[in-house]
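All remarks here apply to the structure that follows.
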Amino acid sequence: MEQLLYARQRAKSWFVAHEIYLMPAIKFLLMMIILLVMNWHLGYRYVMMRWVLVILAALVSCLLPWSGMTAVAALYLLGHVSALSWEGTAVLGAMMFIAMMLHYLFLPGGSFLIVLMCLACYLKVPFLVPLLAGLFGSALSFLPIGIGVMIYYTMLSLEQNAVYLLDAGNSIADCFLQILSGLRGDSKMMLTLLVLCLSALAVYGLSHLAVDYARIIAVGTGGILILLLFILGGFLLNVSVSYMSVLGGCVFCSAVAVVASFWGDIVDFSRPEYLQYEDDEYVYYVKAFPKVGLAEPERRVKEINSHREARSSRRDAD
């Protein structure tokens, strides 16, 4: 365990020392993955699938803040959808506008969670984002998670109705009704939206409790809650759910979340400290736990010069 703590501390120190180079590289790679996934599933505008444009968009994104990367991904998405259906573009644009208003009012700076939620759904690891958001985010992290789920299922509906939307014989009103009716009758979207938002809230609440190993308990409870809610919701709403996939996803995402929590602050629960102090009105009793921090062992190098020792011994003999 001590070697893991040393490795964690060295990795964090190395990241902080090279953060000016690593953060743009991480943003570039993440944006490349997002754009490639988008091109793979929504490649309706072929000019946007060219490698030159993809690399240029990723390079621009690595110089922007996270909210700027969200804007680039949103414009790229609307560009693809506009080649399929202007009605779908209007629906997605309205969702993004509502998301923007909610974020700037309630959760500024967290808009990239929407993009990560959509990406996680496409990569078949949707449970990872609410677990991590509950651990490291705020109590309102369920808002971008819910919006991300809605945008993902809207894009899925556009893919499934692509033939209908591309038919020139259908009117604008018919296309709008087709898109909205698909979203309104999608029980799986409502179930996924409810489960992921509730799990994010549960993980956030449990991880901030004043109990030992709160983060580990929160992640485990969040994974179990996701599994139980999907089983119960699938039964009540008559939604076809692959329970083995949900079980495997919960186990995998919970394991990743536990590993991620290890790279945060680690508390030594074996050494509690009790403090007492008071002011004019109250007496305070505080139970505190120290954070685990290991100092790098000092390496002592002892120089041995055999020639000097031989000469000095000869001089002493003479």
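This structure is a prediction, so every number in the text was calculated from the model and none was measured. Side-chain atoms are counted along with the backbone in the values below, which use heavy atoms only and exclude waters and symmetry mates.
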I need the [X] [atom1] to [Y] [atom2] distance, nearest 0.5 Å.
X: Y21; Y: I26; atom1: OH; atom2: CD1; value: 15.0 Å
X: L64; Y: K27; atom1: CG; atom2: NZ; value: 7.5 Å
X: M150; Y: M117; atom1: CE; atom2: CE; value: 13.5 Å
X: L209; Y: R215; atom1: CG; atom2: CZ; value: 13.0 Å
X: L35; Y: L56; atom1: CG; atom2: CG; value: 10.5 Å
X: I226; Y: T221; atom1: CD1; atom2: OG1; value: 11.0 Å

Chi angles and distances behind the side chain to side chain contact (heavy atoms under 4.5 Å, CB included) call for V258, I216: CA-CA 6 Å; V258 168; I216 306 298; 4.0 Å; yes

Nearest heavy atoms of [X] and [Y], plus distance in Å:
X: L191; Y: G233; value: CD1-CA, 3.6 Å
X: S242; Y: S245; value: OG-OG, 2.9 Å
X: V125; Y: C253; value: CB-SG, 4.2 Å
X: L227; Y: Y243; value: CD1-O, 4.5 Å
X: G222; Y: S199; value: O-CB, 4.4 Å
X: V219; Y: A257; value: CG1-CB, 3.9 Å

Starting from [Y], can I reach [X] by hopping between I/L/V/M/F/W/Y residues whose side chains sit under 4.5 Å apart?
X: L113; Y: L123; value: yes
X: V54; Y: V47; value: yes
X: Y76; Y: L156; value: yes
X: L63; Y: V115; value: no
X: L75; Y: L53; value: no

Taking the side chain as every heavy atom from C-beta outward, state whether [X] and [Y] have any pair of such atoms under 4.5 Å apart.
X: I231; Y: V241; result: no
X: L30; Y: L116; result: yes
X: S82; Y: R45; result: yes
X: V246; Y: F127; result: yes

Side chain S254, main chain V251, donor-acceptor under 3.5 Å: no

Main-chain N/O of Y204 paired with H208 side-chain donor or acceptor, under 3.5 Å: yes

Step-by-step side chain to side chain contact (heavy atoms under 4.5 Å, CB included) determination, T154 to M189: CA-CA 9 Å; T154 303; M189 180 191 73; 5.5 Å; no

Residues that, via side-chain heavy atoms closer than 4.5 angstrom, fall in one hydrophobic cluster with F235: L232, L236

Residues F230, V239; criterion side chain to side chain contact (heavy atoms under 4.5 Å, CB included); working and verdict: CA-CA 9 Å; F230 264 111; V239 176; over 6 Å; no

Y122 ring center near Y152 ring center (under 6.0 Å): yes

Test log, rule side chain to side chain contact (heavy atoms under 4.5 Å, CB included), inputs M69 and I34: CA-CA 10 Å; M69 293 178 64; I34 292 168; 5.6 Å; no

Side-chain donor-acceptor pair present, T192, Y153, cut-off under 3.5 Å: yes

Qualifying residue, where the test is side-chain contact (heavy atoms from CB on, under 4.5 Å) with C197 and the options are L201, L193, L194: L193

